[in-house]
Amino acid sequence: MKLVVTDEITEKDRGDLLSGLSEYNVRFVDSSAWGALGVFMRDDEGRQLAGLIGARKGNWLCIDFLWVSEALRHEGIGGKLIDAAEAEAKKKGCKQALVDTFSFQALAFYQKKGYQLQMTLDDFPHDGQQRHYLSKVL
């Protein structure tokens, strides 16, 4: 047996770890209500102009990424993405939502959408910046 420290994580490394973790977690968590959730805004040629990628984890919608192209910002597109994701998550049984954002991103946007600040990590990812975690009852 040996301990290996590396900067390169292979797909096999990731798969083996997640398989072992899932094998343990299945005793405690019903994963039948888990799944991916995506909402995308595309132009007529199919190019992505904005999008949200998240996951349903039991009763929770976890928003992982939200992006709106520079040209479409401040036109309500982000709000439409959030609204669509929350509506779909509610249809599938989610009761709450979780998102995190950096201080240079969209804290005020999420608060305007009804998300409540739960925790802030200072100096993350760098000195003088913060990472904020927010939640919302759907």
Side-chain angles (χ1 to χ4, degrees):
M1 182 164 56
K2 67 179 179 175
L3 181 66
V4 177
V5 178
T6 182
D7 291 336
E8 296 178 23
I9 301 167
T10 67
E11 285 304 313
K12 182 176 180 347
D13 292 333
R14 184 179 305 281
D16 289 349
L17 187 144
L18 292 177
S19 177
L21 183 60
S22 293
E23 186 178 312
Y24 175 80
N25 287 352
V26 74
R27 292 180 262 169
F28 305 98
V29 177
D30 175 12
S31 62
S32 65
W34 289 43
L37 178 63
V39 180
F40 304 102
M41 178 75 66
R42 300 187 192 281
D43 68 12
D44 293 338
E45 287 78 42
R47 289 181 300 246
Q48 191 174 137
L49 303 173
L52 178 152
I53 293 176
R56 293 176 298 104
K57 296 180 180 179
N59 293 334
W60 284 80
L61 164 63
C62 299
I63 299 169
D64 297 317
F65 306 104
L66 187 147
W67 167 77
V68 176
S69 64
E70 203 70 43
L72 294 179
R73 291 193 182 151
H74 308 291
E75 292 188 23
I77 303 296
K80 289 178 182 177
L81 295 172
I82 290 275
D83 293 344
E86 289 176 353
E88 183 65 18
K90 283 172 70 172
K91 278 197 287 188
K92 294 186 175 179
C94 291
K95 297 176 181 161
Q96 299 189 74
L98 172 69
V99 68
D100 68 272
T101 188
F102 294 111
S103 54
F104 55 86
Q105 290 178 324
L107 177 61
F109 165 76
Y110 290 113
Q111 289 174 319
K112 181 178 165 187
K113 294 300 294 175
Y115 285 77
Q116 299 293 311
L117 183 62
Q118 299 299 321
M119 180 177 77
T120 297
L121 297 176
D122 290 325
D123 298 324
F124 190 106
H126 300 288
D127 290 348
Q129 297 174 338
Q130 296 83 35
R131 187 170 187 175
H132 304 290
Y133 291 83
L134 302 98
S135 67
K136 177 181 179 178
V137 175
L138 297 178

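Atoms considered below: every heavy atom in the structure, side chains included; atoms not considered: hydrogens, waters and symmetry mates.
In this structure, Leu138 and Ala97 approach most closely via the heavy-atom pair CD2-CB, 4.0 Å. Summarising the geometry of Gly51 relative to Phe40, their closest heavy-atom pair is CA-CD2, 3.9 Å, with the distance given to 0.1 Å. Nearest heavy-atom pair, Ser135 versus Trp60, reported as atom, atom and distance to 0.1 Å: CB-CZ3, 4.0 Å. In terms of heavy-atom proximity, Trp67 sits nearest to Leu81 at O-CD1, 4.1 Å. The two atoms that bring Thr101 and Tyr110 nearest to each other are CB-CE1, 3.9 Å, heavy atoms only. When every heavy atom of Ala89 is checked against every heavy atom of Leu61, the shortest pair comes out as CB-CB, 3.8 Å.
With salt bridges taken as basic N to acidic carboxylate O contacts below 4.0 Å, one links Glu86 and Lys136.
In this structure Asp43 satisfies the side chain to side chain donor-acceptor pair (under 3.5 Å) test together with Arg47, sequence neighbours excluded. Partners of Lys80 under the side chain to side chain donor-acceptor pair (under 3.5 Å) rule, at least two apart in sequence or in another chain, do not exist in this structure.
Between the Asp123 side chain and the Gly128 main chain, a donor and an acceptor come within less than 3.5 Å of each other. A donor-acceptor distance shorter than 3.5 angstrom exists from the side chain of Arg56 to the backbone of Ala33, with no hydrogens or angles considered.
Two residues are said to be in side-chain contact when any heavy atoms from C-beta on lie closer than 4.5 Å; Glu8 and Thr10 fail this criterion. Looking at heavy atoms from C-beta onward, Ile63 lies in side-chain contact with Tyr115 at the 4.5 angstrom threshold. Between Gln96 and Asn59 the shortest side-chain heavy-atom distance does not fall below 4.5 Å.
To the nearest 0.5 Å, atom CD1 of residue Ile82 and atom CZ of residue Phe109 are 4.5 Å apart. Here the CD-CZ distance, from Gln129 to Phe102, works out to 8.0 Å after rounding to the nearest 0.5 Å.
Aromatic ring orientation, Phe28 versus Tyr24: tilted (interplanar angle from 30° to 60°).
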